[in-house]
Amino acid sequence: MASKTTVIHWFRKGLRVHDNPALVRAVEEAISRKSYFRAIFMLDPGILSWMTVGPNRWRFLQETLSDLDENLKKINSRLYVIRGNPNETFPKLFKLWNVELLTFEHDIEPYSIERDEIVKNQAEKFNVEVIEEYSLTIFNPELVVQKNRGSTPMTYQKFLSVASELKVPQPVDNPTKLPNSCIPELDKNELKDEEVYDVPTLEQLGVNSSEISEYSRFPGGETEALRRMNEKLKDVKFICEFEKPNTSPNSLEPSTTVLSPYLKFGALSARLFYQKIKEVYRGRKHSSPPVSLEGQLIWREFYYTVAATTENYDRMVGNKICTQIPWKTNPKYLEAWKNGRSGYPFIDAIMRQLKQEGWIHHLGRHAVACFLTRGDLWCSWEDGVKVFEEFLLDADWALNTGNWLWLSASAFFHQYYRVYSPIAFGKKTDPEGKYIKKYVPELRKYPSGSIYEPWKVSLENQKKYGCVIGTDYPHRIVIHEDAMKENLSRMKAAYAKKKVDVEETPQGKRKADSPKGNTSKKAATKQRNSLEKYFKK
DNA sequence: AAAGTGTTGGAGAT
DNA sequence: ATCTCCAACACTTT
């Protein structure tokens with residue numbers, strides 16, 4: 001039937017029209033080849049076999065897709081949402097639409113790489129050209145590793161120095177408006193109703209809308225992402241003086257930008273945000289990485305680079321950068337932590353905010369992550385990753401995993417004796433306990449002097465404040481002072497074992513009588529060498 | 001071999 | 001607000 005050919009841009013992450021090189025390329029090619037242009041997104045049910053998406057992130061994705069559809073209409077196009085597994089669906093689409101070119105943004109997650117390999121093979125079979133562009137991060141991990149002579153920079157400072165030698169890619173312009181000749185007419189034979197390609201409603205995504213009534217704080221979408229970014233950029237003092245450790249984990253209004261959910265879905269381009277921050281800095285005194293706002297974006301770059309080059313990055317076993325620690329499975333502890341019922345009001349407030357709103361401050365993440373793992377509950381960081389993955393709007397495979405590796409002192413960070421106190425830490429920025437009162441309302445009548453430690457209040461006063469510990473609010477599941485001491489010794493043992501294990505690796509001949517001072521140095525050198533070898537493909 | 005550094009600890013002193 | 005100490009890690013620089 002010699003029908004006109006089609007150029008497809010496949011959205012996965014990068015759910016935006018701005019700074020989207022693969023989209024721009026597809027539009028340009030469609031125009032020059034006089035082909036139809038279609039932008040697609042695939043709802044892949046397979047993703048649920050390996051990740052949990054809570055109702056709030058479904059909501060955020062749904063809003064992001066709706067907004068993307070609207071923004072594509074401004075260039076005379078629309079979004080086609082395809083229900084199905086990419087590997088099964090693409091061959092059908094290639095045939096149905098007579099596809100000659102497919103473009104998408106390259107991703108680094110193992111799941112994506114595997115999926116894309118299959119799709120690329122299918123494309124070859126159907127004689128479909130594939131163009132991948134890179135726009136996920138500012139610095140392409142491949143180029144970073146190349147610049148570092150084949151090894152991954154494993155410290156932030158090292159990453160900074162390597163990145164400083166790389167060219168910073170500038171955002172690309174929005175795609176031009178498509179001529180009518182590129183707009184496909186509805187083929188009556190293909191499907192009876194164009195509506196099957198519409199952005200799904202929440203109900204169609206299997207989300208009960210009554211479940212999401214309270215999640216209105218951060219709407220999804222590129223339009224909201226750009227609005228939020230521009231609003232933050234107006235506050236020059238905030239941008240220039242930003243120092244992460246001085247922001248508050250427990251203010252009632254977020255003390256940081258909350259642009260992370262938009263970066264996660266690619267509704268906001270990291271390259272654009274980076275450029276905008278630099279524009280505000282220009283000619284002004286400003287803070288510096290790692291604590292500055294620019295530094296926060298570079299943390300994202302750092303974790304993406306390590307994630308892209310580390311085998312079994314999201315697991316302890318088989319992960320060469322991860323200290324092997326004998327965590328214990330404890331469903332009771334895990335459930336209490338997850339549901340904000342640990343008995344520590346500061347911890348519970350954070351976990352409840354996470355579940356309700358899908359975003360918590362970075363330092364709040366530190367406090368609850370330390371608590372779950374090396375600080376108090378001795379549960380695996382992998383358990384924590386899964387809970388964050390379910391609830392966080394910004395749950396990002398590379399970043400979420402990286403932060404858990406850090407906080408559990410499994411990689412990157414090693415000063416395991418620095419433990420966050422579930423009582424003292426929050427008091428520094430919220431001595432009144434207003435944050436606790438908001439998210440753990442059963443404690444709202446407790447005075448500021450005891451709201452962080454309600455178990456210390458006499459039963460008489462507990463009754464007076466309308467919240468009896470053990471009845472209306474749980475007893476603390478562990479005694480922090482004791483748990484911390486025990487866990488410190490467990491960490492010490494795990495680190496000592498690592499040292500010995502590295503020392504006994506096959507390529508190294510161990511000197512049984514070598515002085516102790518030498519041991520750590522030798523072990524460290526060996527580990528570094530083996531890592532470098534490992535990263536050189 | 002030793003000193004310095006590492007995004008953001010806590011407690012107690014000044 | 002800034003100091004020391006706690007008991008002390010990995011890794012980099014000198």
Side-chain angles (χ1 to χ4, degrees), chain A residues 148 151-162 241-251 255-256 287-303 306 320-325 346-347 350 360-371 373-376 399 402-403 405-429 452-453 480-481 483-485 487-503 514-532:
Chain A
N148 198 37
S151 76
T152 304
M154 293 300 292
T155 66
Y156 186 87
Q157 294 303 330
K158 187 73 186 164
F159 184 91
L160 268 185
S161 76
V162 175
E241 292 178 11
F242 187 97
E243 289 192 347
K244 189 62 156 283
N246 296 337
T247 58
S248 165
N250 47 6
S251 51
S255 60
T256 51
S287 52
S288 301
V291 296
S292 64
L293 201 54
E294 175 195 0
Q296 303 314 301
L297 269 178
I298 296 177
W299 278 104
R300 179 173 179 273
E301 303 290 314
F302 171 67
Y303 283 135
V306 180
K320 291 201 167 92
I321 68 167
C322 180
T323 305
Q324 305 297 301
I325 297 168
F346 177 60
I347 299 297
I350 296 167
I360 50 177
H361 185 278
H362 189 65
L363 291 177
R365 302 181 196 201
H366 277 218
V368 298
C370 182
F371 187 85
T373 58
R374 65 188 169 87
D376 294 83
L399 277 54
N403 278 318
L405 283 165
W406 185 290
L407 258 300
S408 62
S410 298
F412 312 115
F413 172 83
H414 310 280
Q415 290 156 294
Y416 58 76
Y417 40 84
R418 293 191 179 175
V419 178
Y420 288 87
S421 162
I423 298 146
F425 187 67
K427 283 186 184 172
K428 288 192 287 191
T429 41
Y452 282 85
E453 301 167 277
H480 172 67
E481 298 79 354
M484 181 185 65
K485 271 188 197 132
N487 293 342
L488 271 174
S489 68
R490 287 165 161 167
M491 288 302 289
K492 194 175 175 177
Y495 268 69
K497 186 173 184 304
K498 174 169 77 165
K499 219 181 255 182
V500 171
D501 286 351
V502 171
E503 184 75 2
S514 67
K516 197 181 178 275
N518 247 354
T519 309
S520 105
K521 171 77 181 192
K522 283 179 87 117
T525 308
K526 253 170 219 162
Q527 190 187 26
R528 193 165 56 246
N529 289 344
S530 76
L531 276 177
E532 274 171 11

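Keep in mind that the numbers below use all heavy atoms, side chains included, and drop hydrogens, waters and symmetry copies. Naming: A, B, ... by sequence-line order, numbering from 1 per chain. This is a predicted model, so every value here is computed, not measured.
Between dG4(B) and dA7(C), the two P atoms lie 22 Å apart (nearest whole Å). As rounded to the nearest Å, dA8(C) and dG6(B) have C1' atoms that lie 14 Å from one another. Comparing the P positions of dC6(C) and dT7(B) gives an interatomic distance of 25 Å, to the nearest angstrom.
Against DNA chain C, the stretch residues 487-496 of chain A makes heavy-atom approaches under 4.0 Å through Lys492(A), Tyr495(A).
Residues Gly295(A) and Tyr156(A) come closest through the heavy atom pair O-OH, 2.9 Å.
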Query - Residues Asn246(A), Glu241(A); criterion side chain to side chain contact (heavy atoms under 4.5 Å, CB included); working and verdict - result: CA-CA 10 Å; Asn246(A) 296 337; Glu241(A) 292 178 11; over 6 Å; no

Query - Residue pair Tyr495(A), His414(A): steps toward the side chain to side chain contact (heavy atoms under 4.5 Å, CB included) verdict - result: CA-CA 9 Å; Tyr495(A) 268 69; His414(A) 310 280; 3.4 Å; yes

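Looking at heavy atoms from C-beta onward, Ser251(A) lies out of side-chain contact with Thr429(A) at the 4.5 angstrom threshold. At a threshold of 4.5 Å between non-hydrogen side-chain atoms, the residues Ser248(A) and Lys428(A) do not count as touching. Inter-residue side-chain proximity for Phe302(A) and Phe412(A) is flagged as met; some heavy-atom pair is nearer than 4.5 Å. Side-chain atoms of Phe346(A) and Ile423(A), non-hydrogen and from C-beta on, never get closer than 4.5 Å to each other. Val368(A) places none of its side-chain heavy atoms less than 4.5 Å from the side chain of Tyr420(A).
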**Report entry** Dot-bracket pairing map - DNA chain C, Watson-Crick plus G-U, both contacts under 3.5 Å, | cross-strand
**Finding:** ||||||..||||||

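No hydrogens or angles considered: a donor-acceptor pair under 3.5 Å links the side chains of Lys244(A) and Gln296(A). Side-chain contact of His480(A) with Ser421(A): a donor-acceptor pair under 3.5 Å is absent, judged by distance alone.
Between the CG atom of Leu405(A) and the P atom of dG6(B) there is a distance of 21 Å, given to the nearest Å. Atom CZ in Phe413(A) sits roughly 13 Å away from atom P in dC9(C) (whole-Å rounding). Atom pair Leu293(A):CG and dT8(B):C1' shows a separation of 16 Å (rounding to whole Å applied). The interatomic distance linking His362(A) (NE2) with dT7(B) (C1') rounds to 8 Å, in whole Å. One can place CD of Glu243(A) at 10 Å from C1' of dT8(B), the figure rounded to the nearest angstrom. In this structure, the CE atom of Met484(A) is 15 Å from the P atom of dC6(C), given to the nearest Å. Between the CD atom of Gln415(A) and the C1' atom of dC9(C) there is a distance of 6 Å, given to the nearest Å. The distance from atom CZ of Phe412(A) to atom P of dT8(B) is 15 Å, rounded to the nearest whole Å.
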Sub-3.5 Å pairs of nitrogen or oxygen atoms, protein against nucleotides 10-14 of chain B:
residue, atom, partner, partner atom, Å
dG10(B), OP1, Ser421(A), N, 2.8
dG10(B), OP2, Lys428(A), NZ, 3.2

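When distances are taken from the side chain of His414(A) to each of dG9(B), dC9(C), dT7(B), the shortest belongs to dC9(C). Comparing dC9(C), dT8(B), dT7(B) by their closest approach to the side chain of Tyr416(A) singles out dC9(C). If you check dC9(C), dT7(B), dA10(C) against the side chain of Tyr417(A), the one that comes closest is dC9(C). When the nucleotides dA10(C), dT7(B), dT8(B) are ranked by their closest atom to the side chain of Tyr156(A), dT7(B) comes out on top.
Heavy-atom contacts from other residues, nucleotides or ligands closer than 6.0 Å to NZ of Lys427(A) number more than 12.
Here Gln157(A) reaches the OP1 or OP2 of dT7(B): one of its side-chain N or O atoms lies under 4.0 Å away.
Taken to the nearest 0.5 Å, the OG atom of Ser408(A) stands 14.0 Å off from the OH atom of Tyr416(A).
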